[in-house]
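Heads up: the structure comes next, in structure tokens.
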Amino acid sequence: MLPLRVILTYAEKQLASGPHPERARWDAELLLYHALGRDRAWLLAHTNHGIEVKQGERYDALLARRATGEPIQYITGETEFYGLPFRVTPDVLIPRPETEHLVEKALELASNFPAPRIVDIGTGSGAIAVALAHHLPNAQIAAIDLSHSALAIARENAKCNDAAIRFLEGDLLAPVAGEHFDFVVSNPPYVPNADRASLSVEIREYEPALALFAGDDGLEVYRRLIPAAFDAIIPGGFLILEIGYGQSPAIAMLLARYGFEQIDFVPDLQGIPRVACAQRP
Ligand SMILES: C[S@@+](CC[C@H](N)C(=O)[O-])C[C@H]1O[C@@H](n2cnc3c(N)ncnc32)[C@H](O)[C@@H]1O
């Protein structure tokens with residue numbers, strides 16, 4: 001039987017010819033933990049162990065998927081967001097670290113509301129809604145998505161994180177027409193259609209198009225969401241949006257056009273405006 005350290009070296013070589021050679025070693029290790037049902041500490045202590053045939057076959061299959069560019073998170077079916085575990089499938093966008101800035105801003109503002117009413121538009125895996133529910137036990141949270149299959153995953157994530165969330169299927173705020181909220185939060189699709197070719201293979205070929213693209217300039221969803229959110233937010237309430245690279249001037253203009261005030265942008269770790277925040281007067 002080949003020892004694990006040799007198997008890992010072969011695996012690393014295989015992944016080095018795939019789309020992400022710089023992550024080959026890391027990915028090979030992660031997939032090996034997954035195939036063996038073990039963690040890093042175990043692997044470090046057992047590098048001379050061999051693996052059973054069935055485990056070897058399972059590992060080969062995982063490596064083959066990764067070598068074509070499939071995201072690790074879809075292969076393992078799990079990821080972490082805001083310190084919480086999430087199940088992910090190709091029906092949902094893999095939650096990104098940048099989106100944690102949105103959660104942080106919402107938590108900061110919601111701390112001034114005793115029982116905030118919040119709606120998350122385009123909930124996907126449920127990442128934002130579940131993270132908010134986890135930290136705001138008194139909040140009433142609704143989460144909406146156009147995708148039936150994404151909502152099934154979001155429901156699972158709410159259940160395994162003990163989050164009480166009302167999930168609804170439909171377009172933007174239509175499923176909660178007539179209701180009012182202290183917060184509308186959203187990480188909507190914002191990639192311009194023309195940018196498709198420049199996306200990495202992991203995003204372009206594996207993540208759901210419905211979660212990514214928003215017309216020629218990437219602003220199509222914001223153009224409908226911002227006025228609809230203004231009507232749904234109570235005076236003094238907030239709209240908090242994740243935005244794409246270079247979109248802050250257009251978003252500031254849209255927010256002001258529909259009556260929002262106190263328009264502010266939170267930068268991400270690279271200093272890029274990533275989250276737009278505005279108040280309904
Ligand atoms: C960028 S993903 C965000 C997912 C998740 N909130 C996150 O931050 O990881 C956008 C989500 O919006 C959903 N979506 C797209 N258009 C929509 C619409 N018109 N109404 C409701 N949801 C929509 C997509 O299905 C997708 O789940």
Side-chain angles (χ1 to χ4, degrees), residues 71 73-74 78-107 118-134 141-158 161 163 165-177 179 181 183-193 195-196 199-200 202-204 206-215 218-229 232 239-245 247 251 266 268 274-276:
Q73 296 92 330
Y74 288 153
E78 60 198 24
T79 193
E80 212 183 82
F81 178 77
Y82 218 76
L84 299 170
F86 283 84
R87 187 166 121 69
V88 287
T89 69
D91 287 319
V92 299
L93 186 97
I94 298 164
R96 306 292 205 268
E98 300 90 271
T99 307
E100 297 186 343
H101 295 291
L102 185 158
V103 172
E104 216 138 77
K105 186 70 188 173
L107 289 177
I118 302 173
V119 61
D120 173 24
I121 307 300
T123 198
S125 64
I128 296 171
V130 170
L132 292 177
H134 185 81
I141 303 185
I144 296 170
D145 207 289
L146 204 48
S147 159
H148 184 77
S149 40
L151 283 172
I153 302 297
R155 282 193 181 95
E156 273 186 46
N157 284 323
N161 284 296
I165 295 168
R166 182 164 56 114
F167 288 103
L168 300 155
E169 186 176 334
D171 180 40
L172 302 185
L173 284 141
V176 290
E179 293 186 40
F181 297 89
F183 292 88
V184 173
V185 298
S186 182
N187 173 19
Y190 55 66
V191 180
N193 293 340
D195 286 2
R196 189 177 190 283
L199 297 176
S200 73
E202 276 132 319
I203 301 176
R204 193 178 63 232
Y206 292 95
E207 296 207 85
L210 182 63
L212 298 172
F213 301 108
L219 300 173
E220 219 161 66
V221 176
Y222 298 116
R223 281 198 190 91
R224 294 194 301 121
L225 176 57
I226 290 173
L239 172 60
I240 309 177
L241 299 170
E242 180 166 322
I243 63 167
Y245 179 75
Q247 290 177 333
I251 296 292
V266 180
D268 62 19
R274 180 57 67 183
V275 175

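The figures that follow rest on heavy atoms only: side chains count, while hydrogens, waters and symmetry mates do not. On a predicted model such as this, the values are computed, not experimentally measured, just so you know. First listed ligand is number 1; within each ligand, the first listed atom is number 1.
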| note | A student comparing G122, A154, P95 should find that the heavy atom closest to atom 4 (C) of ligand 1 comes from G122

| Any A214 heavy atom less than 4.0 Å from ligand 1 | no

| Under 3.5 Å, side chain of N161 to main-chain N/O of N157, donor-acceptor pair present? | yes

| task | Would you mind checking which non-hydrogen protein atom is closest to atom 25 (O) of ligand 1, with the distance to 0.1 Å? | result | D145 OD1, 2.6 Å

| Top protein contact for atom 5 (C) of ligand 1, by heavy-atom distance | T123 O, 3.3 Å

| query | In terms of atom number and element, which parts of ligand 1 are under 4.0 angstrom from non-hydrogen atoms of A211? | reply | 1 (C), 2 (S), 10 (C), 24 (C), 26 (C)

| request: Starting from atom 17 (C) of ligand 1, locate the nearest protein heavy atom and write down its residue, its atom name and how far away it is, to 0.1 Å. | output: L146 CD2, 3.8 Å

| Hey, is the main chain of S149 close enough, under 3.5 Å, to the side chain of D91 for a donor-acceptor pair? | no

| message | If the threshold is 4.0 Å, N to carboxylate O, is there a salt bridge linking E242 and K105? | response | no

| field | Geometric class of the Y190/Y222 ring pair [parallel <30°, tilted 30-60°, perpendicular >60°] | value | parallel

| note | Counting from 1 in the order shown, the ligand 1 atoms closer than 4.0 Å to a non-hydrogen atom of R224 are 19 (N)

| field | Under 3.5 Å: donor-acceptor pair, side chain of E80, backbone of P85 | value | no

| field | Close approach, A150 and ligand 1, non-hydrogen under 4.0 angstrom | value | no

| In terms of residue, atom name and distance, what is the protein heavy atom nearest to atom 20 (N) of ligand 1? | L172 N, 2.9 Å

| message | Considering both backbone and side-chain atoms of P188, is one of its nitrogen or oxygen atoms within less than 3.5 Å of a nitrogen or oxygen in ligand 1? | response | no

| Separation of L132 CG from I118 CD1 (nearest 0.5 Å) | 5.0 Å

| message | Considering A127, G170, G124 one by one, which has a heavy atom nearer to atom 21 (C) of ligand 1 than any of the others? | response | G170

| task | Compute the minimum heavy-atom distance from V221 to ligand 1 and say whether it is under 4.0 Å. | result | no

| query | Any ion pair linking E207 and R96 (charged N to carboxylate O, less than 4.0 Å)? | reply | yes

| said: Under a 4.0 Å threshold between the charged nitrogen and the carboxylate oxygen, would R87 count as salt-bridged to E156? | reply: yes

| field | atom 15 (C) of ligand 1: the protein heavy-atom neighbour that sits closest, reported with distance to 0.1 Å | value | L210 O, 3.3 Å

| said: Heavy atoms only, cut-off 4.0 Å: how does T99 contact ligand 1, side chain, backbone, both, or neither? | reply: side chain

| note | the protein heavy atom lying closest to atom 7 (C) of ligand 1 turns out to be N187 ND2, 3.7 Å

| query | Given side chains that start at C-beta, do those of I128 and T123 come closer than 4.5 Å, heavy atoms only? | reply | no

| query | Is a side-chain N or O of N187 found less than 3.5 angstrom from the main chain of L241, in a donor-acceptor match? | reply | no

| field | Contacting atoms of ligand 1, where contact means under 4.0 angstrom from a heavy atom of D171 | value | 18 (C), 19 (N), 20 (N)

